[in-house]
Amino acid sequence: MKIINEIVKINIRKKIRFFVFGVLIDKEYQRKKLGTKLIQIQLQEAKKRKADVLYGSTKNPIVKKILRKLGFKEINVPIFYKEVSTNKIM
């Protein structure tokens with residue numbers, strides 16, 4: 001609950017630049033460090049765009065390990081988003 005309260009406080013003070021990324025590697029190319037490299041490229045792009053939050057989601061334990069090595073922290077809070085075309089909360 002504390003994390004949610006902090007996010008709400010930040011959201012009230014300023015707009016948050018929320019950068020969402022995803023990486024999918026075909027089995028043939030897995031275990032060749034391509035996923036790590038692509039995530040690093042996403043990190044660089046997020047920094048270039050001055051993102052406040054970088055979000056990625058996975059249940060894959062190998063990917064979780066890679067993300068931790070790259071400095072990501074796992075949080076267990078629900079994520080809600082607003083659909084741009086209808087402004088409806090999903």
Side-chain angles (χ1 to χ4, degrees):
M1 195 60 130
K2 184 177 179 184
I3 292 172
I4 293 172
N5 289 338
E6 289 175 11
I7 290 171
V8 169
K9 287 178 187 174
I10 292 169
N11 200 6
I12 291 170
R13 291 183 195 147
K14 68 171 191 166
K15 282 188 174 180
I16 295 175
R17 292 188 180 117
F18 196 77
F19 193 84
V20 180
F21 75 96
V23 175
L24 185 61
I25 306 292
D26 191 88
K27 281 207 181 272
E28 179 183 351
Y29 299 100
Q30 291 177 3
R31 301 191 182 271
K32 297 181 180 185
K33 305 259 185 217
L34 293 173
T36 300
K37 185 63 179 166
L38 288 171
I39 294 168
Q40 289 171 332
I41 291 169
Q42 295 290 336
L43 284 166
Q44 291 170 357
E45 185 64 25
K47 285 178 187 176
K48 188 167 86 175
R49 294 179 184 217
K50 298 180 181 172
D52 298 303
V53 176
L54 180 58
Y55 174 78
S57 176
T58 186
K59 292 182 182 181
N60 183 324
I62 296 168
V63 175
K64 284 184 179 185
K65 186 177 175 182
I66 292 168
L67 291 173
R68 281 189 204 105
K69 281 184 179 180
L70 292 172
F72 284 81
K73 293 184 176 29
E74 189 171 355
I75 57 172
N76 293 312
V77 293
I79 300 295
F80 298 96
Y81 65 93
K82 191 187 288 189
E83 188 177 318
V84 176
S85 61
T86 64
N87 292 330
K88 179 174 78 174
I89 299 293
M90 303 300 282

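Not counting sequence neighbours, the partners of K64 by the salt bridge (Lys or Arg N to Asp or Glu O under 4.0 Å) test are E74. K48 is linked by a salt bridge (Lys or Arg N to Asp or Glu O under 4.0 Å) to E45, counting only residues two or more places apart in sequence or in another chain.
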Task: Full working for side chain to side chain contact (heavy atoms under 4.5 Å, CB included) between F72 and L54 - done: CA-CA 9 Å; F72 284 81; L54 180 58; 3.5 Å; yes

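Tracing side-chain contacts under 4.5 Å through hydrophobic residues (I, L, V, M, F, W, Y), one never reaches V23 starting from V20; they form parts of separate clusters. Under a hydrophobic-cluster definition in which Ile, Leu, Val, Met, Phe, Trp and Tyr are linked whenever side-chain heavy atoms come within less than 4.5 Å, directly or via other members, Y55 and L67 are assigned to different clusters. Under a hydrophobic-cluster definition in which Ile, Leu, Val, Met, Phe, Trp and Tyr are linked whenever side-chain heavy atoms come within less than 4.5 Å, directly or via other members, F21 and I62 are assigned to the same cluster.
Screening residues 31-52 for ring-ring contact (aromatic ring centres under 6.0 Å, His included), with sequence neighbours left out, gives no hits. Residues in residues 17-31 take part in no salt bridge (charged side-chain N to carboxylate O under 4.0 Å, His left out) pair, two or more places apart or across chains.
Contact between T58 and N60 at its shortest, heavy atoms only, is OG1-N, 3.0 Å.
In this structure, the separation between NZ on K47 and CD on Q44 is 7.5 Å, given to the nearest 0.5 Å.
Counting heavy atoms from C-beta on, the side chains of V53 and F19 never come closer than 4.5 Å.
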Could you give the side-chain donor-acceptor pairs of residues 32-42 under 3.5 Å, partners two or more places apart or in another chain?
none

